[in-house]
Amino acid sequence: MTDDFDLIVIGAGSGGVAASRRAAAHGARVLIAEADRVGGTCVMRGCVPKKLMMYAAGFSRELHEAEGFGWTGVAGRFEMARWADAKERELDRLEGIYRTMLAESGVELAPGRARLLAPDTVAVGHRKLRATRVLIATGATPAHGATPGLDLAMTSNEVLNLRQVPSSLLVVGGGYIAVEFASILAGLGAKVTLAFRDSAPLRGFDTDLRTRLAQSLADRGVVVAAGVALRSLERSASGYRLTRADGSVLGAEAALNATGRRPNTTGLGLEDIGVHLDARGAIAVDVDSRTTVPGVWAIGDVTNRKNLTPVAIAEGRAFADTEFGKLRTRMDHRNVASAVFTDPPIATVGQSEAHARKLGPVDLYESDFRPMKTAFAGGSSRTYMKLVVDGLNDRVLGIHMIGTDAPEIVQALAVALTCGATKRDFDRTVAVHPTAAEEFVLMREASRRHSTAASEMP
Ligand code: NDP
């Protein structure tokens, strides 16, 4: 039997669900196919359970800080199995919400693995479905290929299913996933070693955030093993051994492979219908998320543009508005804010200092302080903020922060950056006192000025 639709979406993660619901709201007849749990990586095995684990870890510091504020008898013991059971209940609840949202939007959910038989024909289980448009939103999966033996280690999927905190953990990689789990597991009491090849974690972030993150992880007892290429990972009865290019060996009871993710393109029939992949194995798309085959689009991590949930959602809605709402919309990939949920967290929007300096003169405004709550409790953790400002026209080009509440603060400031705010706009904004965020509008004097673009320097 053949069923006809206006749109078939493959993958019910954040991007696919958003696109399918928006298309249905425009009147399209939509089916969404999903082989796993509805909600995808972010909700089921990424952002959401990670943040729930981060909250659990944060209590270790907060309980300690409470004593500085006069509380007594607050010390406790973390039972990870209790957290894991509560987390499963929460994920079940969220999956139920996603299923209800799809049903109430009039989107048909087809459980099963989908395969493109032709640009307008998709097989899901025993069903053969047709649609005038197909959207691929299958996401990505942890990659193992960076170093021999990495397939022996856990990935972020398994870490989120732990029921017991390992006594020691070796984290391989220095990106988002690596630093977040290094920080979280350290907070939960594991002895963590973070091994990566660059000189600082989070390649691509502003250098001042990277160095401060490495320092704060070290201050919390994480062994930061930076700057040496990785050779191989081995497993023995007592745990894991990571051999590095200089011959040094790092060991731990458990290991996490966090060396990146690869797009989920296998088994979709893409090669049979002529959908091109780029050199890194992602589906090649144009600015409107069109693949090389007319009638087939792709969004989110499977296209490896900016691999963030809100970006996938925005790409999916832009596709649906353009194709079904006759509202020509294009996702703007510039100035996308992002956060890294370490302790303290990082958040950033716009250009790093190094990037801005390559393009022209810049003024830097910085603030580095111990927050009131930390100082009172006798803690040493600091907050650092930086504004990167165009030296020619005073426009704020980049906003960077490491410190408590950084993601919440930078989310709001990202609006100002999107609107093209100048440093003078920040200066004429009255502070909310006493907050940490007020420092962003109180930085009067530039800490540094670079009057020449770095590329013009001799
Ligand atoms: P990332 O791309 O952020 O980091 C990958 C890490 O693996 C880097 O440190 C990289 O090193 C290292 N690596 C890659 N290849 C090798 C190799 N051959 N040898 C040694 N090291 C290697 O990937 P993640 O898996 O951490 O995250 C995947 C995506 O998920 C990210 O792009 C991010 O957008 C998203 N994400 C977002 C989060 C958030 O918004 N808070 C949280 C988690 C994930 P090097 O830098 O030297 O190349």
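Computed from a predicted structure; not experimentally measured. Note that ligands are numbered from 1 as they come in the structure, with each ligand's atoms numbered from 1 the same way. Computation of the quantities below employed the complete heavy-atom set of this structure, encompassing side-chain atoms and omitting hydrogens, waters and symmetry-equivalent molecules.
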Undergrad: Test of understanding: with ring-ring contact (aromatic ring centres under 6.0 Å, His included), list the residues that count as partners of F205, not counting sequence neighbours.
TA: Y176
Undergrad: So, the side chain of H64 versus the backbone of A377: is there a donor-acceptor pair under 3.5 Å, distance only?
TA: no
Undergrad: Just checking, any donor-acceptor pair under 3.5 angstrom between side chains of T418 and R334?
TA: no
Undergrad: Closer than 4.0 angstrom, basic N to acidic O: yes or no for D92 and R37?
TA: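 Looking at R37 together with D92, the answer is yes, because their closest N to O distance falls below 4.0 Å.
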Undergrad: Tell me the residues surrounding ligand 1, counting only those with a heavy atom closer than 4.0 angstrom, sorted by chain and number.
TA: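 Residues K50, A146, G173, G174, G175, Y176, I177, E180, R197, R203, L230, A258, T259, G260, R261, N307, L308, A339, F341 each place a heavy atom under 4.0 Å from ligand 1, listed by chain and number.
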Undergrad: I'd like to check the side-chain hydrogen bond (donor to acceptor under 3.5 Å, both in side chains) partners of E79; sequence neighbours left out, ordered by chain and number.
TA: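 Residues passing side-chain hydrogen bond (donor to acceptor under 3.5 Å, both in side chains) with E79: none at all.
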Undergrad: Would you mind listing every side chain to side chain donor-acceptor pair (under 3.5 Å) that reaches into residues 151-160, with sequence neighbours excluded?
TA: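 Sorted result for residues 151-160: T155-E158.
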